[in-house]
Amino acid sequence: VIPGLIDSHLHAIRAALSFSTEVNWIGARSLEEALGRIRAAARTMKPGSWLIVAGGWNVQQFEENRRPTQAELTTVAPNNPVYVQLGYGWSMLTPLAHKALGISSDADLPSGGRLERDGNGALTGGVTGAQNAIVALFDRLPKPTFAEQVEGTKAFFRELNRLAITGAGDPGGNNLTSTDYQALFKVWRDKAMTVRVAYTLNGQTPGKEFEELRDLTGLLPMGFGDDMLRFNGLGERITVAMNNNNAPSQADKDAYYRIVKWAAERGMSLTMHWGSDVSVDHLLAIFERVNAEIPIAPLRWSIAHLNDASLASLRRMKALGVGWTMQDAMYFGGEQFLKQAGPDAARRTPPVETARKMGVVVGAGTDAHRVASYNPFTALQWLLDSKTVSGIVMRGPEEIPSRMDALRFYTLGSAWFSFDEDVRGSLEVGKLADLAVLSDDYMTVPVEKIGALESVFTMLGGRIVYAAEPFSQLEEKR
C-alpha cells in the first residue's frame, strides 16, 4: 500500500480531451506492437474515422528503433486517415490524412512546417518543422465532440487511477483555451472526478498575456475550488516571449516581471517552464527582483524541467523558497543530452539528491502526454536506476535517491505545490484516504520490475475509484 501518487506536472486536461478517440502507444515495446494497436482501432471504428497517436512515445522504446513509415500505417489502416506525432518536431500522415487536411505542398502547412523528403528527395508523408508548426498542424485535426471529451476525461482519469495516480498538477499547455476546460468542469459538477486536479492558466496571445490573465483570473482567486478541482495560479507559460527563450530581451523580461509581480501582489502561485541552466539566470533574477518587494516563499513558486540545474541555481531557488517540478525527460531524451553535454554533465542530470539534501522541494512527474509516458512507475524506475529507455545509465550513484525518497517526490513533494501536504501525500490519521494497493511491493521488488507495477485497487478519499480482479466488484461507478 502506498499513498496515492501525484504527478506535479501532467498535461492531464489536454490529454483527457481526446483520450477516448486516440490510439495510445505508451508502453509499446516494438513498432509491430504499436502498429497492431492502430490495426485494432481501425477494426473497431467506422471507416473514415481518424486514428490519432498524439505522443508519449519514442523510437528508442521500440525494438526496431525507428519511426513508422507511411506505407506501414496505410497497410494497417487503409480506410482511415492516420496521424502520428512524435514530440513537437515530427508527424506522419497517411495519404487519406493529407487529403482530408488539404495538404499537397509546403504552402498548405502552418508557418514553419515543411513536408519531409527522403535522401532521394521523395516525399515520405511526414511533416517536420518548428514546434509551433506541429502544434498548429495538430489543431487542424478534427476535435472530439463535447460528449467524447467528457467521456475521454473520465476514461483518462480512470487510466491514471490504474497506475495509482490520485492527483495531478496541470500546467496548461499550447492552445488550451477556456472552452477546452468545459469537459473537466462538467465531470467535476457531476461529482465524477477520480483524480484531484490543481490547474494553472497560461498566457496564450503574444503581447496580450497580461490582459488575458487579468481577465481570466479577475473572479478566480488563488485556491478557488474544492479538494477535487482547484485554481493554482499561473504557468507554465506565462508569456510567449519568455518561453524556450535562452536570450530574452530587456523588454521581454520587463513584460514578464509586470505579470509575475502582479501575481505576487494577489497571492498567486506560479510555475515556469525553463529548459536550460545556462540561461535560467534571466528567470531567477526576475524572481529575486519581485522577492525584494514581495516575499514569494509563501506563494510556492516553482520551476518546471531545468534538468541540468546547477548548484548555484538550486541555492538561489532554496533562498527564494522556489520549488522544482522535475520530470523523467532523460528517460527518452538522455542519450541526446549525453551526446550534447558529455558524460560529466549527464552524471548529475537531474541533480535530485543534491536538491533534496539542500532542502529544495522536489515534485516528481512526467510532462505527459505529448512528450512522455504518463506512467509514474516508468518515472520511478528511472529515478532509481537512471537508465534511458534503451538502457543507458546516466546519473551517478550520488544523484540516485532511495526508494522512499523517490516515492516522497511523487507524493508529499508534489502535494507541496498545491499547498496540500498537510492533507494528502502520506498515510496518516486525519489525512485524505488517497492510496493504492499495488500489484507488488514497491519497496522490495527488483528495481528493473518497478516499471511494470500497477494498482490492484485505488482509493480516493475513502472511495474505491479503480479495482482490478478479484476486487472489481468494489469499484464505485459514477
Side-chain angles (χ1 to χ4, degrees), residues 3 5-9 169 171 235-236 260 264 269-292 294-331 334 337 341 343-367 379-380 382-386 394-422 425-426:
L5 301 177
I6 305 167
D7 190 313
S8 66
H9 191 96
E236 68 178 303
V260 297
S269 185
L270 64 82
T271 186
M272 182 63 191
H273 171 120
W274 206 272
S276 174
D277 188 78
V278 73
S279 62
V280 76
D281 173 69
H282 293 296
L283 178 66
L284 289 172
I286 294 173
F287 284 5
E288 289 162 345
R289 181 181 172 190
V290 174
N291 188 63
I294 306 161
I296 65 173
L299 306 180
R300 303 194 179 184
W301 289 10
S302 64
I303 300 177
H305 315 314
L306 199 65
N307 295 299
D308 62 341
S310 66
L311 188 61
S313 295
L314 290 172
R315 284 174 176 156
R316 293 170 76 181
M317 291 166 67
K318 171 61 177 174
L320 290 165
V322 168
W324 182 24
T325 59
M326 176 277 311
Q327 302 82 40
D328 62 336
M330 293 298 108
Y331 178 68
F337 181 86
D344 289 342
R347 184 179 176 86
R348 61 174 305 278
T349 301
V352 290
E353 275 295 274
T354 297
R356 183 190 67 81
K357 291 174 181 177
M358 192 180 294
V360 175
V361 178
V362 178
T366 59
D367 197 21
L380 283 165
W382 162 82
L383 269 168
L384 296 171
D385 68 12
S386 188
M394 284 186 55
R395 269 172 295 131
E398 64 276 13
E399 293 296 353
I400 301 291
S402 69
R403 294 194 191 210
M404 186 62 78
D405 285 331
L407 185 60
R408 286 193 181 103
F409 293 154
Y410 240 112
T411 51
L412 280 172
S414 293
W416 182 87
F417 295 87
S418 54
F419 301 82
D420 282 337
E421 75 276 15
D422 290 336
S426 60

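Along the sequence shown, residues are numbered consecutively beginning with 1.
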> Which pairs with one or both residues in residues 401-420 pass ring-ring contact (aromatic ring centres under 6.0 Å, His included), sequence neighbours excluded?
Replying inline: none
> Mind checking what makes side-chain contact (heavy atoms from CB on, under 4.5 Å) contact with P295, not counting sequence neighbours?
Replying inline: N291, P298
> How long is the gap from CD1 on I400 to CE on M394, to the nearest 0.5 Å?
Replying inline: 10.5 Å
>> I'd like to check the salt bridge (Lys or Arg N to Asp or Glu O under 4.0 Å) partners of R403; sequence neighbours left out, ordered by chain and number.
In response: none
> Is the shortest heavy-atom distance from the side chain of E398 to the side chain of E353 under 4.5 Å?
Replying inline: no
> Does any non-hydrogen side-chain atom of L320 lie less than 4.5 Å from one of L284?
Replying inline: yes
> In Å, rounded to the nearest 0.5 Å, how long is the span from CG of L306 to CE of M326?
Replying inline: 12.0 Å
>> Could you go through T366 and W382, starting from their C-alpha distance and side-chain angles, then the distance that decides it, and tell me whether this counts as side chain to side chain contact (heavy atoms under 4.5 Å, CB included)?
In response: CA-CA 11 Å; T366 59; W382 162 82; over 6 Å; no
> Do side-chain atoms of S302 reach the backbone of T325 as a donor and acceptor pair under 3.5 angstrom?
Replying inline: no
> Looking at D308 and G275, what are the two nearest heavy atoms and their distance?
Replying inline: OD1-O, 3.9 Å
> To the nearest 0.5 Å, what is the distance between CG (L407) and CG (L412)?
Replying inline: 8.5 Å
> If you look only at pairs with a residue in residues 283-292, which of them pass as a salt bridge (charged side-chain N to carboxylate O under 4.0 Å, His left out), with sequence neighbours excluded?
Replying inline: D254-R289, E288-R316
> Of all residues at least two apart in sequence or in a different chain, which pass the salt bridge (Lys or Arg N to Asp or Glu O under 4.0 Å) check with D405?
Replying inline: R356, R408
>> Using the side chain to side chain donor-acceptor pair (under 3.5 Å) criterion, which residues pair with S418? Sequence neighbours excluded.
In response: D420, R424
> Quick one: ring-ring contact (aromatic ring centres under 6.0 Å, His included) partners of F337, sequence neighbours excluded?
Replying inline: none
>> Please find the pair of heavy atoms, one from L314 and one from P351, that lie closest to each other, and give the distance.
In response: CD1-CG, 4.1 Å
> Just how far is it from atom CG of D367 to atom CD of E236, taken to the nearest 0.5 Å?
Replying inline: 6.0 Å
>> Please evaluate residues R315 and M358 with respect to the criterion side chain to side chain contact (heavy atoms under 4.5 Å, CB included), reporting the C-alpha separation (whole Å), side-chain torsions for both, the decisive distance (0.1 Å), and the verdict.
In response: CA-CA 8 Å; R315 284 174 176 156; M358 192 180 294; 3.9 Å; yes
> P3 and S426: which non-hydrogen atoms are nearest, and at how many Å?
Replying inline: CG-CA, 3.9 Å
>> Tell me every residue that passes side chain to side chain donor-acceptor pair (under 3.5 Å) with T349, counting only those two or more places apart in sequence or in another chain.
In response: none
> Which pair of heavy atoms, one from V360 and one from M317, lies closest together, and at what distance?
Replying inline: CG1-CE, 4.3 Å
> Closest approach of S8 and S414, non-hydrogen atoms and distance?
Replying inline: CB-OG, 3.4 Å
> Are any of the side-chain heavy atoms of R395 and V352 separated by less than 4.5 Å?
Replying inline: yes
>> So, using ring-ring contact (aromatic ring centres under 6.0 Å, His included) as the criterion, who are the partners of H273 when residues are at least two apart?
In response: H305
>> Does anything in residues 317-329 form a salt bridge (charged side-chain N to carboxylate O under 4.0 Å, His left out)? List the pairs, not counting sequence neighbours.
In response: none
> Roughly how far, to the nearest 0.5 Å, is the CG atom of L283 from the CD1 atom of I303?
Replying inline: 5.0 Å
>> Suppose we screen for side chain to side chain donor-acceptor pair (under 3.5 Å). Which residues come up paired with D277, at least two apart in sequence or across chains?
In response: S310, S313
>> Show the nearest heavy-atom pair for residues A379 and G365, with the distance to one decimal.
In response: CB-O, 4.3 Å
>> Among residues at least two apart in sequence or on other chains, which ones pass side-chain contact (heavy atoms from CB on, under 4.5 Å) with A264?
In response: V290, I294, L299, W301
>> Return the CG to OG distance between L384 and S402, rounded to the nearest 0.5 Å.
In response: 8.0 Å
